[in-house]
Amino acid sequence: MSQQQKGGDYNQFTTTSDDDVLMKQIIATHADGSIHKVNVRPHLQLIKEIFRYSTTLDRTNIHDLQVSSHMKSLDEKTQKADFVGMLEALAYTIHKISCEISYKCYEGEDAHSTTMVLFKSLSKFSWDAKVVMALFAFAVTHGEFWLVEELCETHPLAKSIVLLKQLPDVFKQSEMQRPRFESFWSLFKAMFDVTESIIQFHELPPQYTSVDQSPISVATAQIPIAVYWIIKSVVTCTSQIIGLTGLGSHKSIPSTIETSDLSSLAQKINNMHEHFTKQLDLCNQYIDEKKQVEAYNRLVQVFETTHVNNMDILKALFNYSNDDLQPLLQGFTGKRVGIEVLRGKDLFLLISDLYISEEELKIFGQIMNKMREPYNMGAPNINPFRKSNVFAPRLESYYQEVWLPVVDKTIPWTEAKQREFDRLQKTMPWYSVHHPSLINSLVIKYIKEKWHFNKKPILVVLEDSGRVTNTNALHMLWIWGSIAAGRILTSSSEKHLWSIETWGIKFLVDGIDENILHWMEEKERIICLYGGEDIDWIRKFTMKAREVAKAANISFEMMYVGKRNPNKELLRRNIDIITKENLSNCWEDCTLTWYFWIRLESMLYSKMKLDQTIENDPIIKEIMTILIFDSSSEKGWALISKGSEIMAKAKGDKFLNCFKEYDKWKGNVEVKGFIQAISDHLDQLRTPHHCNRLILPGMEGMIPEMLVCTECGCPMEKSVSTSVMYSCCNN
């Protein structure tokens with residue numbers, strides 16, 4: 001920040017060389033080495049009561065005045081033993097200062113000289129105490145004046161004092177004196193406002209208020225000059241009151257000039273108050289930021305420390321403040337429960353905003369249900385055809401799922417958001433936070449910075465000890481389903497699962513469609529997966545594919561897999577047309593289409609997380625090829641495979657042309673086999689010109705700086721907005 005930003009209108013305090021000289025004089029009177037500490041807050045309250053009472057006297061007919069509430073308030077404050085003790089300790093100094101001010105004013109000394117004398121008398125007091133002591137001294141003079149004025153009509157002694165001091169009858173001359181006293185009250189208010197600000201500066205936590213830290217240093221430098229102007233105002237006000245008597249040397253001063261002086265002081269001190277208010281806001285903001293940093297570091301330490309169980313982690317997550325708090329809702333019962341129900345459990349923390357899709361929740365729930373099927377009862381795994389069945393779930397301690405909704409707390413919580421939250425919560429049979437407000441802002445910061453949450457859902461895995469074993473296991477869950485969920489989801493287990501994995505249609509549709517896996521058991525059956533949104537291309541491709549299959553006398557099945565991030569209405573319409581016209585097989589449940597594509601995305605992210613690239617991993621090249629087909633082709637794409645044999649794959653137009661030119665390559669079918677014959681002809685149709693692109697969601701911590709094109713091996717150009725697009729075009 002600039003000096004102006006840090007200090008606001010700092011130059012209004014010291015703008016000339018004379019002001020600099022004055023500041024040096026003030027500082028020279030301050031005894032830094034032996035400061036006398038005073039608890040100024042209760043003293044200031046008593047002073048305010050005295051002035052509030054006198055203000056009421058001036059503005060109300062004395063005979064109709066009801067002052068019992070003020071007197072009761074004063075009595076309550078002054079009867080407390082500790083407060084009486086504090087007053088007794090300061091009484092001598094207050095009396096001395098009061099007499100000193102009165103004497104100087106009676107003698108007609110100028111306000112500056114008197115103010116500097118007072119600074120020397122108050123040298124051992126802190127800056128806030130100097131102000132309060134001066135105000136107390138003035139309260140004595142001010143209070144005596146109004147007490148005598150109030151009682152002079154009813155008490156002989158008071159009337160005698162009025163005569164001796166030649167005091168005016170304020171209440172009889174109220175209209176004439178009103179401008180003068182209105183100026184008094186404006187100045188008093190300004191003085192109290194700035195005094196309050198000075199006290200607030202002194203009350204700031206000392207561990208955060210080092211004088212070399214802005215904006216604290218700026219405020220500290222300005223306090224002495226503010227104290228000067230308040231004490232000078234005290235002297236001026238005392239002089240004005242003495243000027244009302246017949247004994248003062250200022251009686252001849254016209255009231256209009258006196259009123260102008262008071263108004264000028266009030267304006268100056270009001271400007272100071274406005275400045276200090278801004279400066280206090282900056283200081284409090286600075287301190288809050290420091291506290292936030294400290295609290296965040298403590299939170300990080302909690303998460304990075306080894307614990308006996310997971311309770312400390314859960315208390316930190318849910319802003320847990322007392323044993324009675326029940327921050328969780330048990331989805332299958334609808335009851336509020338405490339975090340004790342999760343003690344000693346392995347946890348899946350499903351973290352999302354309020355826009356998690358129905359498909360995600362549905363598939364996640366199905367996987368969790370599959371994971372809980374008891375193996376000892378002979379229930380099948382999510383996919384009985386996987387050799388990965390060797391990974392059985394940990395039956396002795398199932399994971400408990402907990403939904404943590406992360407919302408931006410700087411945006412107001414509306415009824416619409418509440419309805420959406422309630423709707424989502426009702427769809428979840430697992431645990432969830434009763435309300436997003438129970439998740440501390442620092443926890444949200446930690447989730448974003450350390451676990452890289454950025455709108456897209458993540459799944460954080462906590463062991464029963466509270467140790468984080470995976471900051472996002474959602475990719476593993478989508479790829480391997482309950483097989484992954486039954487293990488401790490770590491990078492080592494992820495590597496192991498990949499080490500026993502082979503690429504093929506079986507892997508592509510695992511956990512999605514068991515019919516395709518049954519087709520694969522028939523050794524001679526050839527399977528085609530195809531995608532896209534162009535229904536004209538779909539009609540032409542499927543019809544031509546059937547013609548070729550019939551001509552080649554092969555058993556042939558096609559499955560429409562839609563498009564990644566589709567127009568849902570268009571996808572639904574395409575599925576209806578494909579079904580009605582019997583063009584091919586398709587998944588009538590659009591959730592399966594979503595699952596097919598999210599698994600492919602997850603495979604790519606999983607591989608990248610393990611530092612795999614096209615150059616060192618053939619599977620990642622196959623994954624990227626399909627994703628590029630989907631992102632680049634306006635028509636569609638297709639791949640054909642038989643069992644675990646090689647795949648033939650291409651964009652839609654090229655594959656359609658390949659089938660149209662069947663007569664050119666049908667002679668190779670008996671020699672090379674159907675798949676190899678197609679693959680060879682697709683190679684012949686390939687040209688050096690291509691335009692490929694790959695669009696990925698902008699997931700923090702998961703997007704690589706560089707990807708190479710699967711077709712030519714050149715680095716793809718990267719562009720970033722809400723998503724990340726890689727493109728390679730040499731056409």
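Keep in mind that the numbers below use all heavy atoms, side chains included, and drop hydrogens, waters and symmetry copies. Quick note: residue numbers are just sequence positions, from 1.
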* Scan side-chain atoms only and decide if Q425 and S432 contain a donor-acceptor pair under the 3.5 Å cut-off. => yes
* Asked: Can you check whether I628's main-chain N or O pairs, donor with acceptor, with S631's side chain at less than 3.5 Å?
  -> no
* **Check against side-chain contact (heavy atoms from CB on, under 4.5 Å), L462 and I313** => CA-CA 9 Å; L462 289 180; I313 300 294; 4.0 Å; yes
* Flag the pair F453 / I447 as yes when at least one side-chain heavy-atom distance between them is below 4.5 Å, and no otherwise. => yes
* Is it the case that Q676 and D680 place a side-chain donor and acceptor less than 3.5 Å from each other? -> yes
* What residues, two or more places apart in sequence or in another chain, satisfy ring-ring contact (aromatic ring centres under 6.0 Å, His included) together with Y530? -> F541, Y560
* **Pair E601 + R564, salt bridge at N-O below 4.0 Å** => yes
* Asked: Among all residues two or more places apart in sequence or in another chain, which pass the side chain to side chain donor-acceptor pair (under 3.5 Å) test with T591?
  -> D589
* Heavy atoms from other residues, nucleotides or ligands near NZ of K568 exceed 12 (cutoff 6.0 Å) -> no
* Asked: In terms of side-chain geometry, is the basic nitrogen of D536 or R539 positioned less than 4.0 Å from the acidic oxygen of its partner?
  -> yes
* Under the 6.0 Å and 45° cation-pi test, does K649 pair with W637? -> no
* Asked: Could you go step by step and tell me if F596 and L529 meet the side-chain contact (heavy atoms from CB on, under 4.5 Å) rule?
  -> CA-CA 11 Å; F596 175 84; L529 302 182; 4.3 Å; yes
* **Those residues that, when tested against Q330, pass side chain to side chain donor-acceptor pair (under 3.5 Å) (two or more places apart)** => T333, Y431
* Derivation and outcome, salt bridge (Lys or Arg N to Asp or Glu O under 4.0 Å), residues R423 and E420 -> CA-CA 5 Å; R423 185 192 67 80; E420 181 60 19; 2.7 Å; yes
* Asked: Rounded to the nearest 0.5 Å, how far does CD of E449 lie from CG of N454?
  -> 12.0 Å
Donor-acceptor pairs under 3.5 angstrom involving side-chain atoms of residues 551-559: please list them, not counting sequence neighbours.
| unit_1 | atom_1 | unit_2 | atom_2 | d |
| --- | --- | --- | --- | --- |
| S555 | OG | R525 | NE | 3.2 |
| E557 | OE1 | N585 | ND2 | 3.0 |
| E557 | OE2 | R525 | NH1 | 3.0 |

* salt bridge (Lys or Arg N to Asp or Glu O under 4.0 Å) partners of K540, counting only residues at least two apart -> none
* Interatomic spacing from CG in L329 to NZ in K426 - rounded to 0.5 Å -> 11.0 Å
* To do: Flag the pair K362 and E358 as a salt bridge only when some basic side-chain nitrogen lies within less than 4.0 angstrom of an acidic carboxylate oxygen.
  => no
* What about the rings of W594 and W478, do their centers lie closer together than 6.0 Å? -> yes
* Verify the distance criterion only: is there a donor paired with an acceptor across the side chains of Q326 and H434 at less than 3.5 Å? => no
Contacts under 3.5 angstrom, residues 405-413 side chains, donor-acceptor by atom type, not counting sequence neighbours:
| unit_1 | atom_1 | unit_2 | atom_2 | d |
| --- | --- | --- | --- | --- |
| D408 | OD1 | T410 | N | 3.0 |
| D408 | OD1 | T410 | OG1 | 2.6 |
| D408 | OD2 | T410 | OG1 | 3.2 |
| K409 | NZ | S437 | O | 3.3 |
| K409 | NZ | I439 | O | 2.3 |
| W413 | NE1 | Q418 | OE1 | 2.7 |
| W413 | NE1 | H435 | NE2 | 3.4 |

* Does a side-chain N-to-carboxylate-O contact under 4.0 Å join K635 and D534? -> yes
* Can you find a heavy atom in the side chain of I526 that is under 4.5 Å from one in the side chain of I675? -> yes
* Is a donor on one side and an acceptor on the other found under 3.5 Å between the side chain of N616 and the backbone of Q612? -> no
* Verify side-chain contact (heavy atoms from CB on, under 4.5 Å) between L639 and C528, making sure each step is shown before the conclusion. => CA-CA 6 Å; L639 65 83; C528 171; over 6 Å; no
* Would you please test L477 and M368 for side-chain contact (heavy atoms from CB on, under 4.5 Å) and show each step? => CA-CA 10 Å; L477 207 65; M368 293 298 100; 3.9 Å; yes
* Using the ring of F507 (Phe, Tyr or Trp, six-membered ring only), decide whether R599 places NZ or CZ under 6.0 Å from its centre and within 45 degrees of its axis. => yes
* To do: Nearest 0.5 Å please: distance from the CD1 atom of I505 over to the CG atom of L517.
  => 10.0 Å
* Asked: Could K544 and E547 be called an ion pair, given the rule that one side-chain N must be under 4.0 Å from one carboxylate O?
  -> yes
* Asked: Taking atom CG of L349 and atom CG of L317, what is their separation to the nearest 0.5 Å?
  -> 6.0 Å
* Distance flag, aromatic centroids of W451 and F303, threshold under 6.0 Å -> yes
* Structure fact -> Here the gap from I577 atom CD1 to L583 atom CG, rounded to the nearest 0.5 Å, amounts to 8.5 Å
* Proximity of F364 and W430 rings by center, below 6.0 Å -> yes
* For the pair K580 and D576, evaluate salt bridge (Lys or Arg N to Asp or Glu O under 4.0 Å) and give the outcome as yes or no after the intermediate values. => CA-CA 6 Å; K580 184 177 180 180; D576 291 342; over 6 Å; no
* Do we see a donor-acceptor contact under 3.5 Å between the side chains of W480 and E501? -> yes
* Which value, rounded to the nearest 0.5 Å, describes the distance between K563 atom NZ and E533 atom CD? -> 5.5 Å
